[in-house]
Every structure is written in structure tokens, then in C-alpha cells.
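Worksheet for the structure shown next.
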Amino acid sequence: MKERVSALLREKLGRELVLEKPRDRSFGHFATPIAFSLAKELRKSPMIIADELAASFGESEEFSSVEAVKGYLNFRLSENFLSEYASWALENPSEYAKQEKNQKILLEFVSANPTGPLHIGHARGAIYGDTLYRLAKHLGYEIDAEYYINDAGNQIDLLGLSIQLHARENLLDETVEYPESYYRGEYLDGLSRDAMEKFGVEIFHDESRQRELAMWAKDEVMKIIVKDLADTNVHFDTFVYESTLYDDWDRVMQKMATTDAGAIYEKDGKTWIASEAKDDEKDRVVVREDGRPTYLAGDIVYHNQKFERGYEHYINIWGADHHGYIPRVKAAIEYLGYDSSKLEVLLSQMVSLLKDGEPYKMSKRAGNVILMSDIVEEIGADALRYIFASKKSDTALEFDLSEFKKQDSSNPIFYIQYAHARIQTLLSKSTLSSEEIMCADLKNLGDNADTLLFDAMLLPEVVEDAFNSRQVQKLPDYLKALAASLHKFYYDVRMIGTPDEAKLLKVMLVVALSLKTGLSLMGIVAKDKMVKEEI
RNA sequence: CUCCUUAUCGCUUAACUGGAUAAAGCAGUCCCCUCCUAAGGGAUAGCUCAAGGUUCGAGUCCUUGUGGGGAGACCA
């Protein structure tokens with residue numbers, strides 16, 4: 001909708017312009033401050049320019065009025081325009097708010113180590129990523145969601161050791177001494193028992209079989225992780241295993257050397273990448289003296305592999321603590337001969353939880369972390385998704401669990417669902433057939449219904465804006481505001497049994513469509529009926 | 001010490017990326033079961049960390065300072 005108006009005005013005025021929604025709807029549907037920017041070059045007062053521009057519009061199909069107010073140019077869309085758009089959307093619900101972007105994007109997120117279930121910190125990245133994914137898909141991008149599994153390196157050995165120790169203590173009643181760092185948590189119970197069945201107890205005492213145990217366990221842990229994700233409606237298309245990448249190391253090193261002979265060099269018996277020359281703080285080790293590659297080596301091969309797969313754009317969602325890691329990866333990409341600006345790294349900040357205003361107590365049995373599955377159990381996947389999607393991802397987040405358990409207006413997810421359910425109830429109470437409703441002409445709606453209709457049809461802009469700015473929270477914000485408009489309208493205007501029933505219900509259909517589409521983009525299924533649970 | 005990031009009502013967050021009177025929810029005070037579910041609707045009070053700068057116009061951009069968070073590994 002905004003697209004069309006914007007294109008129309010560009011044509012009319014012959015220049016780019018900022019089109020915005022006025023804060024106060026009485027000013028019209030859209031507005032532009034263009035007169036201010038023209039003031040300087042035309043050497044005229046903005047007010048006069050705006051007046052002249054407004055006058056130049058005259059009668060038009062799309063606008064019912066064009067007014068100049070204090071230098072702003074305000075547009076009011078015609079009923080025809082709105083009505084046609086609404087009918088189109090209702091007849092093509094699956095096309096609504098869709099576009100054809102035709103860009104291939106690879107989105108990598110979560111990528112948590114396969115050493116334990118996902119905790120609450122991962123949840124934020126997971127939901128942020130999955131929501132971006134849904135938005136992009138809807139906008140027509142060819143986007144793939146990828147999980148990078150770090151199944152090589154020390155943490156995997158540590159997993160093997162942790163299971164051994166856990167099993168010896170809990171299954172075999174031995175007294176064991178734990179090293180400084182090891183994994184703990186309830187999930188080790190299951191893993192220990194399964195391991196005992198599969199390998200026999202000997203494996204818990206045999207240090208040389210630690211690796212064997214770990215390689216089995218990480219796959220088991222991945223099953224837990226995938227289930228955690230599925231329970232939150234988070235979807236992945238592809239999984240890449242770090243352990244499979246190192247075979248390619250020699251070739252990738254060669255590739256970097258071809259681009260720049262100085263990219264990789266040997267010093268002190270180690271192999272280094274000359275990342276300092278590419279804006280990193282210093283050069284980094286990629287292969288240690290004993291020949292073991294560092295984590296960075298794996299990432300270099302991984303990113304080479306990504307770029308060889310030929311996407312046009314790459315998005316990585318990392319935790320904020322990986323911030324300093326960006327320059328060295330970008331340096332490697334440059335040495336590989338690719339454009340590092342194609343890689344976009346989004347950082348998701350830390351999360352801290354409150355419950356009844358107090359910091360949320362972490363379960364001892366879970367080993368000092370808050371599991372994502374615990375939260376899902378506590379407040380439900382919908383609420384969790386809503387919370388994480390509704391905050392800017394680049395600020396540290398603090399939220400109170402108990403607030404999301406309440407079933408009233410303080411809980412935004414219920415508030416939005418209730419709006420959708422109310423509309424469904426109206427439709428079921430109405431004696432009109434859906435054909436009769438669809439045929440209704442949206443004329444003379446009155447200001448309230450007109451405003452509501454317009455608000456409902458803003459979804460496409462919101463979706464595009466949310467994705468382009470990578471600010472997913474714009475969607476829940478919009479849905480909440482739309483739900484509020486609906487509730488107010490519902491309270492003010494009676495619809496069933498009035499002469500305007502058909503056209504008002506048609507407006508309701510548009511609102512419901514936007515709510516449902518918006519919710520589904522957040523991975524939440526719209527409810528047709530609210531059932532109040534007794535607590 | 002260096003770099004990055006952040007700062008908005010009492011609390012959690014918005015603000016169309018430089019635009020009109022800074023907006024929601026919670027918490028507070030007060031009202032409304034009138035007919036489509038009160039899981040709702042209203043009323044009221046309250047905010048841009050500090051000091052400069054850029055310009056028609058700044059919460060948004062620049063400088064300095066202050067307070068949070070993060071990074072400164074041959075850990076991942």
C-alpha cells in the first residue's frame with residue numbers, strides 16, 4: 001500500500017521523498033515533510049511550498065484529499081483505494097503482505113555447542129533468527145536456516161569426561177573428583193544410562209574411550225537440542241558439522257595464499273593468519289604447534305564453504321560475547337577472495353530473568369543454567385516467542401516470568417489472541433454468509449472503522465520494515481497496537497444486527513487476517529476461541 | 001588501560017532511522033459487566049543520563065564526561 005502511494009508521489013513530484021505515518025491520524029493517512037527539504041533550494045518558505053504542492057494535486061483516484069499543514073503535506077487515501085485493497089487481500093490471503101525479493105540468503109543462528117540442552121541465552125538468538133527467517137520467507141527471499149555444530153575441539157572431550165564422571169558417581173556409586181570445568185545437569189542422567197546400555201560400564205573407566213563416548217553423546221545431545229527448538233517452533237534447513245570441515249583445510253589455505261601470498265604464514269612453529277592487515281587487532285593463530293587447528297580454522301573453512309555455495313547474502317546471529325570475533329572472520333573472507341560485506345553479523349545480547357521481581361533462581365540439578373525447555377514448560381512457547389521477539393535484540397534484556405503467566409491485558413500475547421478470537425466470535429454470531437460479507441462495499445464507514453481498516457492494512461509495510469531493519473520487535477508492537485484498536489472499536493461500535501453489519505464484518509475480516517498473518521510470522525498460531533484456564 | 005555496545009516515566013519496552021504535542025504495558029489513583037466473552041473499555045499523574053555542537057527541526061547525528069553490559073585466548 002505504502003509502496004504504491006510512494007511510487008505515485010515519486011512520479012508526481014519527480015524526486016525521492018520520505019513518506020511517513022502522521023502521529024495524529026486526523027492529519028491523514030500518510031504525510032511527507034518534503035517541503036522542508038525543498039525550502040533551501042527553492043528559497044521559499046516551507047509553508048508556501050507545501051501549499052503549492054497541495055494545490056497541484058487536484059482531483060485524483062487514490063487520494064480523497066491532499067492538504068498542507070504547517071509545511072507538511074498530508075494525504076488521505078480515497079475509499080475506493082482502501083476498499084479495493086481490502087477486497088484483494090481477503091481474496092488472496094496467502095499472497096497478502098508477500099513480495100518477490102529473489103535474493104538468496106543464508107541465515108546461520110543458534111549454533112550452540114552440542115554439549116547440553118539449550119539454555120535461555122540460546123533461546124533469544126533462536127527466536128530472533130527464526131522470526132527473521134519467517135519474515136524473509138514471506139517477503140519472497142530464498143533463505144536457508146543453518147545450524148553450525150561445533151563437534152570438534154575441547155568441549156567435546158569435556159563432554160565425554162563429564163559423562164564418565166557423572167555415570168561413575170550416580171550409576172556406580174563411586175566417589176569421583178571433578179575437574180575445574182565440566183558439564184553438569186539432568187540430561188547427563190539419561191545419557192549415562194543410555195551409554196551404559198550401549199557400551200557397557202567399562203567405557204566409564206577407560207580414558208582412551210572418552211572420545212568414542214563423546215562422539216556418540218554429541219549426536220544424542222543434538223537430538224535434545226533439535227527437540228527443544230521444535231518445541232518452540234524454530235526450524236532449520238541445514239546442519240553443518242565442524243568435524244567434517246577440516247579435510248578441506250589444505251585446499252582452503254591454498255586458496256587464501258593464491259589471493260594474497262602473505263595471508264597465511266608460519267612463525268614459532270604455528271600457522272598464523274595475517275588478519276591485522278585487514279583491520280583486526282592482531283594476527284591470529286590458526287594451527288597450533290602440535291598441529292591441532294584452532295576454532296578459527298574451522299570457521300574459516302566453514303565460511304569458505306558457505307561462500308562457495310553461492311548465496312548473495314549471509315547473516316550470522318552471534319551472542320554479544322563473540323563481538324570481537326567479527327574482524328578476524330571478515331579478514332579470512334577477504335583473503336579467500338570474497339566480499340566480506342556480504343557477511344552481516346547480528347549480535348544478540350544477554351538475557352537475565354526475573355520472577356516476581358527477584359532474579360530467577362536457577363535449578364541446581366540443571367547445573368546453574370536456566371534451560372529453555374523449563375521456560376517453555378513454565379510459560380509456553382507462544383509467550384516465550386513473543387517476549388524475545390518483542391525486544392530489540394541489541395539491548396540486554398530483563399524480563400519477569402510471572403508477568404507472562406497472567407491471563408489478562410498485562411499479557412500481550414493473550415491480548416492479541418483475544419482480539420482475533422473476538423472477531424471469530426462475531427463472525428459465528430452473524431447470520432450473514434461469507435459471500436454477503438465479501439460483497440460489501442467499504443464506503444461511508446465512518447472515521448473509526450476507516451482508521452481501523454487502514455491500520456489493519458499496514459501489515460505489509462511493517463513486515464518489510466521489520467525485516468529490512470532487522471528489528472523484529474516492530475511486528476509484535478504493531479500487532480499489539482492493532483489489537484488495541486480492535487478492542488476499542490469492539491467496545492464502541494455494535495456490529496451484529498445493524499444495517500452496516502456486512503461492511504463492518506468485512507473490516508473485521510481484514511483485521512483478523514493481519515493478526516493471523518502477523519502471529520504466524522512470529523511462529524504463533526492464532527486462536528479462534530479463548531478458553532480461560534483456572535489457575 | 002584499550003576497543004565495542006548501551007542509557008527514554010517507579011519498572012519493562014516503543015518512537016516510521018533527522019520530522020508535527022515522545023508512545024504502550026505493568027505498578028499507582030479513580031470510573032464502567034449497556035446489548036457481540038470485563039482475558040475488555042475509559043480517566044488521571046509521570047520520562048529523553050550531563051554539558052556542549054551540527055540545522056528550519058535532535059531521543060535519534062558529532063565531541064567530551066558519567067553509569068551499566070561485553071570483548072581484549074593457541075576456549076569455543
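To find a chain, count down the sequence lines: A is the first, B the second, and so on, and within it residues start at 1.
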- Query: Does the side chain of A:S430 reach to within under 4.5 Å of the side chain of A:E501, using non-hydrogen atoms?
  - Reply: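 Result yes, sub-4.5 Å side-chain heavy-atom pair found.
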- Item | side chain to side chain donor-acceptor pair (under 3.5 Å) partners of A:E436, counting only residues at least two apart |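 Residues passing side chain to side chain donor-acceptor pair (under 3.5 Å) with A:E436: A:S433.
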For [N], the Watson-Crick or wobble partner whose two distances fall under 3.5 Å:
| N | value |
| --- | --- |
| B:C47 | none |
| B:C36 | none |
| B:G25 | B:C11 |
| B:U60 | none |
| B:C3 | B:G70 |
| B:U54 | none |

Give [X] one of three labels, base, sugar-phosphate or nothing, depending on what nucleic acid heavy atoms sit under 4.0 Å from its own.
| X | result |
| --- | --- |
| A:S469 | base |
| A:E461 | nothing |
| A:K267 | nothing |
| A:A31 | base |
| A:Q417 | nothing |
| A:D465 | nothing |
| A:K21 | base |
| A:N74 | base |

- Pairwise P distance for B:G46 and B:A24, with rounding to whole Å: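 It comes out at 15 Å once rounded to the nearest Å.
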- Message: Distance check, C1' atoms only: B:C49 and B:U44, in whole angstrom units.
- Response: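 The answer is 28 Å between these two C1' atoms.
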Residues 458-468 of chain A side chain polar contacts: donor-acceptor under 3.5 Å, at least two apart:
unit_1, atom_1, unit_2, atom_2, d
A:E464, OE1, A:Q99, NE2, 2.9
A:E464, OE2, A:K101, NZ, 2.8
A:N468, ND2, A:E464, O, 3.4

- Query: Rounded to the nearest Å, what distance is computed from the CG atom of residue A:D299 to the P atom of nucleotide B:A73?
  - Reply: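 Between P of B:A73 and CG of A:D299: 17 Å.
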- Message: Quick check, does A:F27 stack with B:A20? I mean ring centres under 5.5 Å and planes off by under 30°.
- Response: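 Stacking between A:F27 and B:A20: present.
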- Ring-base stacking, A:Y418 with B:G40 (5.5 Å, 30° cut-offs):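 Stack criterion not met.
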- Query: Is the distance from OP1 or OP2 of B:U37 to the nearest side-chain N or O of A:K429 less than 4.0 Å?
  - Reply: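 For B:U37, OP1/OP2 do have a side-chain N/O of A:K429 under 4.0 Å.
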- Task: Report yes or no: is the cationic atom of A:R184 (NZ for Lys, CZ for Arg) under 6.0 Å from the centre of the six-membered ring of A:Y182, at an angle within 45° of the ring normal?
- Result: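 Yes, A:R184 lies over the aromatic ring of A:Y182.
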- Examine A:K480 relative to A:Y415 and say whether NZ or CZ is less than 6.0 Å from the centre of the six-membered ring and inside a 45° cone about the ring axis.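 Verdict for A:Y415: no cation-pi partner in A:K480.
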- Query: RNA chain B: A:P33 or A:L426, which has the more 5' nearest nucleotide?
  - Reply: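 Its nucleotide being nearer the 5' end, the pick is A:P33.
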- Message: When you compare the side chains of A:R422 and A:Y418, does any donor N or O come within less than 3.5 Å of an acceptor on the partner?
- Response: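 The criterion, which ignores hydrogens and geometry beyond distance, is satisfied for A:Y418 and A:R422.
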